[in-house]
Engineer: 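Submitted below is the structure of interest, expressed as structure tokens.
As the structure is a computational prediction, the values presented were derived from the model and not from experiment. Here is the naming used below: chain letters follow the sequence lines, and residue numbers restart at 1 for every chain.
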Amino acid sequence: MVDYSAIEAKWQNAWEDARVFDGEPNQKKPYMVFAAFPYTNTALHIGHARTYGTTDVLARYKRMQGYNVLFPMGFHGTGTPVVSFATRIQNGDKELVEELKIFHIPEDDIAKMTDPNFIVAYFVKRIESDFRRTGFSIDWRRKFLTIEPMFMRFVEWQFGVLNKKGYLVKGKHPVGWCPKDDNAVGMHDTKHDVEPDIEKETVIKFKVDGEEAYLPCTTYRPETIFGVTNIFVNESVPYVLCRIEGQTGNFYITKAGAEMLRYQMKIDVVNEVSGKELLSKKAVNPMTGEIVPVMPGYFVKESIGTGVVMSVPAHAPFDYAALERLRTQGYDIQGIRAKKIIDVKIGRSLSDVAMGDVKPIHIDIPALGYLEVLHANANAIDDMLEFATKLEYREESHWGKMLVNGYEGMSQPEAREKIKADLITKKDAFEVNVLANAPVICRCGTQVVVKVVDDQWFINYGDESWKKIAREAYAGMRILPDKARNAFDAAIDWIDLRAVARARGLGTPFPLDKRFIIESLSDSTIYPAFYTIVNVIRDEDQSKLKPEFFDYVFLGLGDADKVARSTGIPFEKVSRCRASFTYWYTQTSNHSAAELIFNHFTMYIFNHAAIFNKTFWPKQIVANGMVNYEGEKMSKSLGNIIPLGDGIKKYGADTLRFLETAGSELFSDAEFGDDAANGVRERFDYLYSITDNIQKMDSGEMKQVDYWLYSKLNRKIDAATKAMEKMELRDVATNVLYNSILELKQYAAHSGNNNMVLRDYMSAIALMLNPFAPHVSEELWHMMGNESFASTEKWPNADTDMISDKIEVQAELVEGVIEDARQVMALMTRKGGKPASGVKIIVADDWKREVTNSLAENRNISKAMDKVKSLGPSINKEAAAKYISSLAKRVNELRKTDISQEEEFKSLDESKEYIAKALGAEVTIEKESGSRSQRAGRAAPLKPCIDIAQ
RNA sequence: GCAGGGGUGGCAGAGCCUGGCCAAAUGCGACGGGCUUAGGACCCGUUUACUUUAGUGUAUGCGAGAGUUCAAAUCUCUCCCCCUGCACCA
């Protein structure tokens with residue numbers, strides 16, 4: 001057994017000694033790769049190795065291509081997670097402590113984690129050591145944290161530049177809010193980590209008949225206003241009459257609603273009324289002028305929106321059911337008639353099986369029709385009504401056509417937007433923000449509300465001139481994989497205002513309002529530029545890092561001498577920073593998870609376009625998929641997290657890296673599991689044993705099989721290099737590891753044993769494996785007697801002269817013959833024949849090759865006959881005719897060949913023993929013209945006749 | 001809902017851009033056989049159904065349906081389903 005942990009330990013230090021990474025500008029072409037920061041409130045699990053793994057693959061590949069490669073890494077500490085982590089430890093959060101135990105964090109370290117600084121320091125150390133063990137070729141000398149003062153000076157400078165360009169704007173913004181904590185809440189602050197989901201709903205003002213007050217109905221579907229038959233209120237909850245800022249008149253809304261809405265608009269309560277009192281009122285539909293009654297609606301929730309809803313029985317199963325229930329309770333609803341306003345074929349999206357033979361009867365009342373196709377009626381339970389509602393909304397939204405005047409024939413979504421806009425223009429409606437997934441509960445136990453913050457700062461990614469240069473920058477970039485391009489196009493169009501200032505958390509104070517902290521994705525958009533200088537300025541006092549310093553280093557403004565004098569940073573350092581930045585930042589590749597396309601990656605493009613000179617715009621983005629473990633998504637809640645350290649111990653660093661980087665296509669999720677890991681490791685084992693055996697072999701005369709192996713090798717190098725350029729890592733892996741082993745096995749089966757050939761083959765494999773499995777690569781490389789480091793060697797070059805289709809076709813021919821012979825033999829024994837005693841393989845004469853080639857080229861039988869004639873009288877015309885007609889049927893499948901009878905004969909003859917062994921029978925090879933077999937005429941080029949004697 | 005990516009054999013996953021050697025690579029699994037004291041190791045074979053006493057043929061088949069074509073997993077359209085993201089959350 002190969003001891004992988006010993007091999008890994010041996011090489012990871014050796015690389016540092018060998019200075020695999022240079023890290024300083026030099027004569028070589030630069031190439032800088034980096035991946036988005038890991039967040040520092042957690043240790044890493046094996047899934048995290050994916051993005052860094054593919055980054056390292058590129059780093060190592062480029063290094064082997066002769067580039068001066070820089071692969072730096074920093075850490076993200078900005079934002080709320082670290083702070084709330086500390087708070088949770090303080091509160092003795094059991095869930096969190098259990099999680100930390102999975103990562104083998106000692107109790108006394110956990111106890112110290114009430115201190116945010118300790119948390120960050122702890123995890124930084126942990127991640128670095130795990131990554132070193134994984135064999136990533138990271139230059140740790142440039143490590144930094146986003147919460148270090150020197151980086152904060154850099155971010156301040158960045159925001160200064162953005163502000164000068166007018167990209168920072170102030171405005172209103174809705175956020176999830178905890179009234180008790182008086183704070184914005186995000187996912188980390190709620191029970192069960194629910195993200196508050198804020199949506200806009202329309203409130204339509206129905207004037208109360210004969211009273212200067214309104215019943216404001218909250219709705220997602222303003223277009224159904226044409227079908228309103230009445231208004232529903234909840235008769236058992238308290239309402240208030242109130243004034244709403246920006247709106248004229250008084251409004252009846254639930255007391256609970258008023259409590260929540262006052263965080264987004266000023267509300268003055270005039271007096272309280274009961275829901276019951278409202279039932280006596282009538283209201284005027286602002287669109288149609290109809291006067292409708294107010295009825296009790298059992299399903300109306302007091303804390304969503306205004307607690308007043310409009311009833312559209314034709315298109316809302318809940319409304320229909322509520323009215324039917326009122327009827328059975330004895331209410332007079334004679335005057336209420338459901339009115340269909342959207343036409344749609346009910347149940348269109350349901351399969352025939354689901355529909356059965358049920359046909360909706362009440363197609364004039366779709367809400368009822370939908371209940372009917374679901375085998376339900378107005379008495380159905382709420383879950384069923386909910387289901388019918390969803391179905392109806394979906395179908396109407398897809399196929400529904402409006403039936404009402406003025407909007408006739410419009411699709412439902414189109415009508416909704418139009419009608420909403422019309423109502424708002426006429427001041428008959430306004431919008432409110434609601435919590436779509438209410439109730440959301442803050443960790444403190446309070447119900448979360450929507451608050452509209454009115455002094456929020458934004459980065460205005462919607463600015464058209466900015467979008468224009470961002471698109472220009474993007475157009476010059478390479479996106480891998482290519483199919484991610486569409487997503488970027490969409491993201492650049494879509495990105496708009498992004499709130500940038502936040503009330504709490506770690507990070508850089510927002511320069512325009514120091515009460516706030518810069519939001520944590522926004523402070524990490526141009527950070528890679530900082531890698532190029534961090535090692536130079538780390539020892540300088542952060543107060544010296546004034547804007548003019550960054551202006552000079554990154555924008556080339558001013559001159560080094562002045563900057564040195566005004567900041568106090570030595571002249572040499574200032575110049576060195578500028579030189580380093582301009583050297584490294586010309587070739588960059590940014591790696592991260594695909595899910596970051598719509599935020600980090602897009603912001604990365606925008607900020608670079610806004611701040612830097614074109615020369616330093618991003619050159620390449622690589623988007624990675626996630627990692628699944630045994631078919632499941634890895635997550636703490638599923639409990640299938642494997643800490644990186646454990647994973648290395650269990651599977652070996654190289655196996656882990658290999659599977660995660662090369663086990664699947666870049667963009668799709670990687671599958672990680674024990675079987676797959678064993679498969680990879682067994683293949684590594686095989687490579688070791690082959691390499692070990694090379695020493696015992698001689699280098700005799702080159703045989704056909706040796707040329708074959710060279711051909712395969714060079715084809716492989718060629719394919720792997722092309723795939724590598726496109727980061728099609730799965731292809732590379734298949735070629736380099738899986739197919740090599742198939743080839744090596746086939747080589748051995750053909751008694752291939754040439755020491756020199758195998759050494760060439762294995763050397764190339766060892767080198768091409770380096771980006772994926774560096775430790776294995778080094779070990780194999782050194783086993784073959786090399787003194788240098790594989791990691792600093794050149795990537796192999798394909799010698800295309802060594803690629804021979806002819807030789808490969810001949811090898812395939814042998815396999816094909818075996819396959820065919822087997823089939824025949826199987827057929828014979830199945831039919832009760834005796835086992836074969838001998839197999840004659842008869843190779844077609846040369847004239848057949850010419851005829852076949854003619855047919856393959858012209859697909860024309862008479863031309864083929866002409867060809868026969870042109871070959872002279874020695875050809876038996878009858879046999880030729882028979883041969884041609886046998887091919888006629890498959891004329892489309894025919895291919896030309898340049899392999900002569902002699903060559904075909906030779907390759908079969910050399911493989912005679914191999915074939916005999918495979919078939920378990922004696923084998924003779926003969927030529928058609930010299931054969932006495934009656935079947936010999938059936939021989940065709942590359943499809944020799946097989947004559948089996950029993 | 002909107003945007004992006006997908007849906008292929010028991011599973012995983014190629015192929016699709018550039019239609020035809022595609023009953024569909026490769027790996028895993030399952031089954032049969034060999035090697036072995038034994039095997040989780042290795043080697044050989046089988047893995048849609050029927051058909052064929054000579055290396056075949058036919059049918060069905062790549063989410064569903066329709067279309068284009070001599071020919072469709074591959075191109076077009078419609079629909080269904082799954083994954084990811086949707087803004088302060090890193």
Engineer: How are the rings of Phe37(A) and Phe151(A) set relative to one another: parallel (under 30°), tilted (30 to 60°) or perpendicular (over 60°)?
Structural biologist: perpendicular
Engineer: What is the distance, to the nearest angstrom, from the CZ atom on Phe684(A) to the P atom on rA41(B)?
Structural biologist: 18 Å
Engineer: Return the set of residues passing salt bridge (Lys or Arg N to Asp or Glu O under 4.0 Å) with Asp513(A) (not counting sequence neighbours), or none when no residue passes.
Structural biologist: Arg515(A)
Engineer: Counting any heavy atom closer than 4.0 Å, what does Asn486(A) reach on the DNA or RNA strands: base, sugar-phosphate only, or nothing?
Structural biologist: sugar-phosphate
Engineer: Could you please name the option among rG6(B), rG85(B), rC89(B) that lies closest to any side-chain atom of Lys483(A)?
Structural biologist: rG6(B)
Engineer: With a 3.5 Å limit on both atom pairs, tell me what rU46(B) is paired to, counting Watson-Crick and G-U wobble, or say none.
Structural biologist: rA30(B)
Engineer: Please work out if His76(A) contacts a base, only the sugar-phosphate, or nothing of the nucleic acid, heavy-atom cut-off 4.0 Å.
Structural biologist: sugar-phosphate
Engineer: Using the salt bridge (Lys or Arg N to Asp or Glu O under 4.0 Å) criterion, which residues pair with Asp731(A)? Sequence neighbours excluded.
Structural biologist: none
Engineer: Taking the same atom, P, in rG27(B) and in rC82(B), what whole-Å distance lies between them?
Structural biologist: 33 Å
Engineer: Using a 4.0 Å heavy-atom cut-off to protein, can you give one letter per nucleotide of nucleotides 43-49 of chain B, 5' to 3': B if the base is in contact, S if only the sugar-phosphate is, - if neither?
Structural biologist: SSS----
Engineer: For Tyr474(A), enumerate each residue passing the ring-ring contact (aromatic ring centres under 6.0 Å, His included) test, keeping only those at least two apart in sequence or located in another chain.
Structural biologist: Phe488(A)
Engineer: So which one's nearest nucleotide on RNA chain B is more toward 5', Ile946(A) or Val500(A)?
Structural biologist: Ile946(A)
Engineer: Could you work out the separation of rC83(B) and rC77(B) based on their C1' atoms and round it to a whole Å?
Structural biologist: 24 Å
Engineer: Distance check needed: rG5(B) C1' versus Ile597(A) CD1, whole Å only.
Structural biologist: 9 Å
Engineer: Quantified in whole Å, what is the P atom distance between nucleotide rG63(B) and nucleotide rC17(B)?
Structural biologist: 15 Å
Engineer: In terms of side-chain heavy atoms of Trp494(A), which of rC88(B), rG55(B), rA87(B) is nearest?
Structural biologist: rA87(B)
Engineer: Report which part of the nucleic acid Asp496(A) touches: base, sugar-phosphate, or nothing (heavy-atom distance under 4.0 Å, all strands).
Structural biologist: base
Engineer: With the criterion being N/O to N/O and under 3.5 Å, what pairs connect the protein with nucleotides 27-31 of chain B, and how long is each?
Structural biologist:
unit_1, atom_1, unit_2, atom_2, d
rG27(B), O3', Arg683(A), NH2, 3.4

Engineer: May I ask which nucleotide in the shown strands pairs with rG1(B), Watson-Crick or G-U wobble, both distances under 3.5 Å?
Structural biologist: rC86(B)
Engineer: In whole Å, I'd like the distance from the CG atom of Asp493(A) to the P atom of rG4(B).
Structural biologist: 10 Å
Engineer: From CG of Leu596(A) over to C1' of rC86(B), roughly how many Å is that when rounded to an integer?
Structural biologist: 13 Å
Engineer: With C1' as the reference atom in both, quote the distance from rG32(B) to rC81(B) in angstrom, rounded to an integer.
Structural biologist: 38 Å
Engineer: List the residues meeting ring-ring contact (aromatic ring centres under 6.0 Å, His included) with Phe606(A), not counting sequence neighbours, and say none if there are none.
Structural biologist: Tyr461(A), Trp466(A)
Engineer: With sequence neighbours left out, what residues match Tyr393(A) under ring-ring contact (aromatic ring centres under 6.0 Å, His included)?
Structural biologist: none
Engineer: Roughly, in whole Å, what's the span from CG in Asp685(A) to C1' in rC42(B)?
Structural biologist: 13 Å
Engineer: Given that both distances must come in under 3.5 Å, which nucleotide forms a Watson-Crick or G-U wobble pair with rC35(B)?
Structural biologist: none
Engineer: From the set rG4(B), rA54(B), rC88(B), return the single nucleotide nearest to any side-chain atom of Arg498(A).
Structural biologist: rC88(B)
Engineer: Applying a 4.0 Å non-hydrogen cut-off, can you work out what Thr78(A) is touching in the nucleic acid: base, sugar-phosphate, or nothing?
Structural biologist: sugar-phosphate
Engineer: Can you list the residues that meet the salt bridge (Lys or Arg N to Asp or Glu O under 4.0 Å) rule with Lys722(A), with sequence neighbours excluded?
Structural biologist: Asp718(A)
Engineer: When the C1' atoms of rA59(B) and rG67(B) are considered, how many whole Å apart are they?
Structural biologist: 23 Å
Engineer: Separation of Asn460(A) atom CG from rC88(B) atom C1', in whole Å?
Structural biologist: 16 Å
Engineer: Checking base pairs now: Watson-Crick or wobble, both atom distances under 3.5 Å. What partners rA25(B)?
Structural biologist: none
Engineer: Can you tell me how far the CZ atom of Phe85(A) sits from the CG atom of Leu96(A), to the nearest 0.5 Å?
Structural biologist: 4.5 Å
Engineer: If you only use heavy atoms from C-beta on, which nucleotide in rC89(B), rU84(B), rA3(B) is closest to the side chain of Glu519(A)?
Structural biologist: rC89(B)
Engineer: Applying a 3.5 Å limit to both distances, which nucleotide forms a Watson-Crick or G-U wobble pair with rG9(B)?
Structural biologist: none
Engineer: Within this structure, what is the CG-to-P distance between Leu659(A) and rU26(B), rounded to whole angstrom?
Structural biologist: 20 Å
Engineer: Under 4.0 Å, counting only non-hydrogen atoms across every strand here, what does Arg502(A) touch: a base, just sugar-phosphate, or nothing?
Structural biologist: sugar-phosphate
Engineer: Taking the side chain as every heavy atom from C-beta outward, state whether Asp947(A) and Gln934(A) have any pair of such atoms under 4.5 Å apart.
Structural biologist: no
Engineer: Give me the distance, rounded to whole Å, that separates rC88(B) from rU78(B) when you measure between the C1' atoms they each carry.
Structural biologist: 39 Å
Engineer: Which of the following nucleotides, rC89(B), rA3(B), rG85(B), is nearest to the side chain of Ala490(A)?
Structural biologist: rA3(B)
Engineer: When the P atoms of rA54(B) and rU69(B) are compared, how many Å lie between them, rounded to an integer?
Structural biologist: 41 Å
Engineer: Step through the shown structure and confirm whether more than 12 heavy atoms of other residues, nucleotides or ligands are within 6.0 Å of CD on Glu431(A).
Structural biologist: yes
Engineer: Please compare Ala821(A) and Ile198(A) by the position of their nearest nucleotide in RNA chain B and report the one closer to 5'.
Structural biologist: Ala821(A)
Engineer: If you check every side-chain atom of Phe458(A), which of rC88(B), rA87(B), rA54(B) has the closest atom?
Structural biologist: rC88(B)
Engineer: Looking at rC89(B), rA54(B), rG85(B), which one has an atom nearest to any side-chain atom of Thr80(A)?
Structural biologist: rC89(B)
Engineer: Mind checking what makes ring-ring contact (aromatic ring centres under 6.0 Å, His included) contact with His315(A), not counting sequence neighbours?
Structural biologist: none
Engineer: Specify the separation, in whole Å, of atom CE of Met603(A) and atom P of rG85(B).
Structural biologist: 17 Å
Engineer: If we take the C1' atom in both rA41(B) and rU47(B), what is their distance in whole Å?
Structural biologist: 23 Å
Engineer: Side-chain donor-acceptor pair under 3.5 Å between Asp523(A) and Thr78(A), yes or no?
Structural biologist: yes
Engineer: Going from NZ on Lys917(A) to CD1 on Ile915(A), what distance comes out if it is rounded to the nearest 0.5 angstrom?
Structural biologist: 13.0 Å
